[in-house]
Amino acid sequence: MTEPAQSPRPERRVDPVVDAAADGDGRGIYWVLKNVLIGPPVKRLFRPIVEGAENIPAEGAAIIASNHLSYADWIFMPLVLRRRVTFVAKSDYFTGAGLKGRFQRGFFKGTGQVPIDRSGGSASEGAMRAGMKVLERGDLFGIYPEGTRSHDGRLYKSRTGVARLALEAKVPVIPCGVIGTDVVAPPGKVVASFASPTVKFGEPLDFSRYEGMESDRLILRAVTDEIMYKIMELSGQEYIDMYATKAKALEGRATTGAPKKVRKSDT
């Protein structure tokens with residue numbers, strides 16, 4: 001008598017690149033890039049200004065949530081800290097061409113940053129998994145809650161992933177405001193100015209009062225909005241209660257006069 005066939009148990013989706021990066025690969029290369037090859041000359045040329053570095057814990061897990069003005073944010077924010085920061089980076093940074101592309105690819109691969117393909121539905125899942133792995137080993141995880149660079153220098157509404165990650169991992173969130181990187185490296189240019197960018201870190205935000213509520217959409221929105229308000233205070237940006245992707249789409253439609261499809265998730 002044969003046993004009834006059993007449905008196969010669903011397997012967890014594994015991405016070797018994401019998992020390897022989230023496990024902390026590239027520490028040695030990160031140290032060399034930051035302290036020997038890239039860090040010293042960048043500091044001498046741009047003289048970045050840092051405020052509130054004492055708010056970064058000397059050890060232990062934490063999320064650093066920052067505004068996003070330029071690709072240079074990935075360089076200057078970690079550069080002013082002693083501890084390593086691991087980010088989720090869009091896969092475009094790993095496939096670019098030309099001088100800028102080679103530099104970005106070498107930097108992100110060499111430092112163990114986590115590439116995420118944002119065109120697929122599994123992007124947020126991969127980002128969450130990578131963030132949890134980084135935080136579980138007691139490291140700093142950097143995130144840009146807006147999800148994309150600001151196209152006009154204003155601060156836009158954030159997705160709630162940063163809140164869910166903070167509540168599930170039970171770690172503090174350190175708000176960060178970066179100023180002037182869009183002057184140093186505006187879209188389409190590697191370097192346009194040798195102005196000194198400023199990086200400000202706020203006091204850690206403790207959301208332990210919401211423990212066990214990571215599935216409550218209203219709580220997630222409240223936590224996210226609190227984080228974005230602190231970032232706004234640090235960066236001095238004008239806040240727009242709209243997702244940046246929708247704002248870009250509307251601006252493109254207004255400029256060209258042609259209809260431009262807006263994803264349902266942006267509404």
Next on the checklist: Once side-chain contact (heavy atoms from CB on, under 4.5 Å) is applied, do any residues pair with D241, and if so which ones, sequence neighbours excluded?
Outcome noted: K157, Y239

Checklist entry - Got a sec, which residues hit side-chain hydrogen bond (donor to acceptor under 3.5 Å, both in side chains) with Q237, two or more places apart in sequence or on another chain? => result N67, S235

Item to check | Pairwise side chain to side chain donor-acceptor pair (under 3.5 Å) hits with a residue in residues 183-206, at least two apart | outcome: D206-S208

Item to check | Between CD on residue E238 and CE on residue M232, distance to nearest 0.5 Å | outcome: 10.5 Å

Checklist outcome for this item: So CD1 of I64 and CD1 of I143: to nearest 0.5 Å the spacing works out to 11.5 Å

Checklist entry - Does the side chain to side chain contact (heavy atoms under 4.5 Å, CB included) test come out yes or no for L220 and L167, once each step is laid out? => result CA-CA 9 Å; L220 293 179; L167 297 186; 4.0 Å; yes

Item to check | Sidechain-backbone polar pair: K34 side chain, P78 backbone, donor-acceptor under 3.5 Å | outcome: yes

Checklist entry - Are L165 and F207 connected in a single hydrophobic cluster, I mean Ile/Leu/Val/Met/Phe/Trp/Tyr linked by side-chain heavy atoms less than 4.5 Å apart? => result yes

Item to check | Shortest non-hydrogen contact between L69 and V178, atoms and distance | outcome: CD1-O, 3.3 Å

Checklist entry - Where do M228 and P145 come nearest, in terms of heavy atoms and distance? => result SD-CB, 3.8 Å

Next on the checklist: Minimum heavy-atom separation for K248 and T148, please, with both atom names.
Outcome noted: NZ-OG1, 3.1 Å

Item to check | For D216, salt bridge (Lys or Arg N to Asp or Glu O under 4.0 Å) partners two or more places apart | outcome: none

Checklist outcome for this item: In short, salt bridge (charged side-chain N to carboxylate O under 4.0 Å, His left out) pairs touching residues 165-176 with sequence neighbours left out are R164-E168

Next on the checklist: To check you understand the geometry: which heavy-atom pair defines the closest contact between V162 and A65, and what is its length?
Outcome noted: CG2-CB, 4.3 Å

Next on the checklist: Test of understanding: with side-chain hydrogen bond (donor to acceptor under 3.5 Å, both in side chains), list the residues that count as partners of Y144, not counting sequence neighbours.
Outcome noted: none

Checklist entry - Any side-chain heavy-atom pair from S150 and L155 closer than 4.5 angstrom? => result no

Item to check | Selection residues 221-230 - residue pairs positive for salt bridge (charged side-chain N to carboxylate O under 4.0 Å, His left out), sequence neighbours left out | outcome: R209-E226, R221-D225, K230-E233

Under 3.5 Å, sequence neighbours excluded: what are the donor-acceptor pairs made by side chains of residues 181-188?
{"from": "T181", "atom 1": "OG1", "to": "D73", "atom 2": "OD1", "distance (Å)": "2.5"}

Checklist entry - Does the side chain to side chain contact (heavy atoms under 4.5 Å, CB included) test come out yes or no for R159 and T245, once each step is laid out? => result CA-CA 11 Å; R159 308 287 178 177; T245 48; 3.6 Å; yes

Checklist entry - Does any pair with a residue in residues 157-179 pass ring pair (Phe, Tyr, Trp, His ring centres under 6.0 Å), and if so which ones, sequence neighbours excluded? => result none

Item to check | Nearest heavy-atom neighbours spanning G39 and L79 | outcome: CA-CD1, 3.4 Å

Item to check | Cluster check M213, L218: I/L/V/M/F/W/Y, side chain < 4.5 angstrom | outcome: no

Checklist entry - Hey, what do you get for CG (L81) to CZ (F76), rounding to the nearest 0.5 Å? => result 13.5 Å

Item to check | Point-to-point distance, once rounded to the nearest 0.5 Å, from CG of L140 to CZ of F87 | outcome: 9.5 Å

Show the atom names and distances, to 0.1 Å, of all donor-acceptor pairs under 3.5 Å that link a side chain in residues 44-63 to residues at least two apart or in another chain.
{"from": "N55", "atom 1": "ND2", "to": "G52", "atom 2": "O", "distance (Å)": "3.4"}
{"from": "N55", "atom 1": "ND2", "to": "F201", "atom 2": "O", "distance (Å)": "3.0"}
{"from": "N55", "atom 1": "ND2", "to": "G202", "atom 2": "O", "distance (Å)": "3.4"}

Next on the checklist: For residues 158-187, which residue pairs pass the ring pair (Phe, Tyr, Trp, His ring centres under 6.0 Å) check, not counting sequence neighbours?
Outcome noted: none

Checklist outcome for this item: When rounded to the nearest 0.5 Å, the distance separating CD1 of I219 from OG1 of T160 is 12.0 Å

Next on the checklist: Strictly by ring pair (Phe, Tyr, Trp, His ring centres under 6.0 Å), give each pair with a member in residues 154-183 just once, sequence neighbours left out.
Outcome noted: H151-Y156

Checklist entry - Honestly curious: do L234 and L205 fall in one hydrophobic cluster under the side-chain, below-4.5 Å linking rule? => result no

